[in-house]
Amino acid sequence: MFRRRRREGAHRPGVASGTAPDDEDLYGDFDAPDEDESGYEPDLEVAGGAAASDGSGPWDGAGPWDGAASYPERERIDFGSLLVPAYEGIRVEVEVAEGMGVCVTILRDDSVLQLMAFAAPKTSGLWDEVRQEFAAEVAKAGGDSQEAQGRFGTELHARVIPMGEDGGRGQLEPIRFLGVDGPRWFLRGMIRGPAARRPDLARPFEELFADVVVVRGDHPAPPGDLLEIRLPEDMRQALADQFAQETAGQALPNPFERGPEITETR
């Protein structure tokens, strides 16, 4: 599905994403690879997968994977910076959140996994810093959170108060934040719905998250910048065909109205 959703803030890897912060010690340099420097030195090598940041510990199995290294061959949907495994029983959506950028959303039953990848510093990760920002933003919004150890190391389990369509505030909703620091990239996962509180329902999302390939590329980018998501050719063509059918014989569409949607179902 290709859809637009209004969201405040820019594409920072926190709860309400934004641009890279102004801390020059951590974020000041652009992440351009040096000719004689390998860049980020992972703390833990896990069968070709990414490495956990300091203090977060290892996880069982391997992955998420770095696109510049070896990774298991299987069918994946190519979104440019993210190669998402095409598992049975899931729906894959591409969502444009206003002021936040483009993210890939995985739907299974009544639960959702949102994937976003960001450029990261050459010599350190982002997850430790981002976790603190998550917790502060959740508390500011009237929710609560606590850190917990999970498959990918340290996670943040939060309860937030969602805003209803009428502007009212609903009941506390559980959200589970995952984060993995890789070589010059950071992958963020956010699980919502029943899977955020039930490990049995979360397991398929964990397996998918572990099997994602992040394609960082060699271009320089400020740490904290969202890596570009591109629609696969078949989804672009389906979107164009749907748009052509809906606008055939009609006046030009209002650019402020919601456009056509595409869902990749497996």
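All residue numbers in this chain count up from 1 along the given sequence. Any value given below was found using the heavy atoms of this structure, including those in side chains, with hydrogens, waters and symmetry copies removed.
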Shortest non-hydrogen contact from [X] toward [Y]:
X: I77; Y: P232; value: CG2-CG, 3.6 Å
X: L82; Y: L115; value: CD1-CB, 4.1 Å
X: L208; Y: L113; value: CD2-CD2, 4.1 Å
X: L201; Y: P194; value: CD1-CB, 3.6 Å
X: A119; Y: L126; value: O-CD1, 3.5 Å

#### Entry: Trace of the salt bridge (Lys or Arg N to Asp or Glu O under 4.0 Å) decision for R76 with D211
CA-CA 9 Å; R76 292 183 174 87; D211 208 12; 2.8 Å; yes
### Query
Would you say the side chain of E147 lies within less than 4.5 Å of the side chain of E155, judging by non-hydrogen atoms?
no
### Query
For Q114 and R188, does a side-chain donor sit closer than 3.5 Å to a side-chain acceptor?
yes
### Message
If the threshold is 4.0 Å, N to carboxylate O, is there a salt bridge linking E88 and R108?
### Response
no
### Query
Less than 4.0 Å between a side-chain N and a carboxylate O, is that true for R184 and D66?
no
### Query
With sequence neighbours excluded, what pairs up with P174 under the side-chain contact (heavy atoms from CB on, under 4.5 Å) test?
A196, R197
### Message
Using modelled atom types and a 3.5 Å cut-off, is there a donor and acceptor pairing between side-chain atoms of D181 and backbone atoms of W127?
### Response
yes
### Query
How about W185 and F118: are their ring centroids closer than 6.0 Å?
no
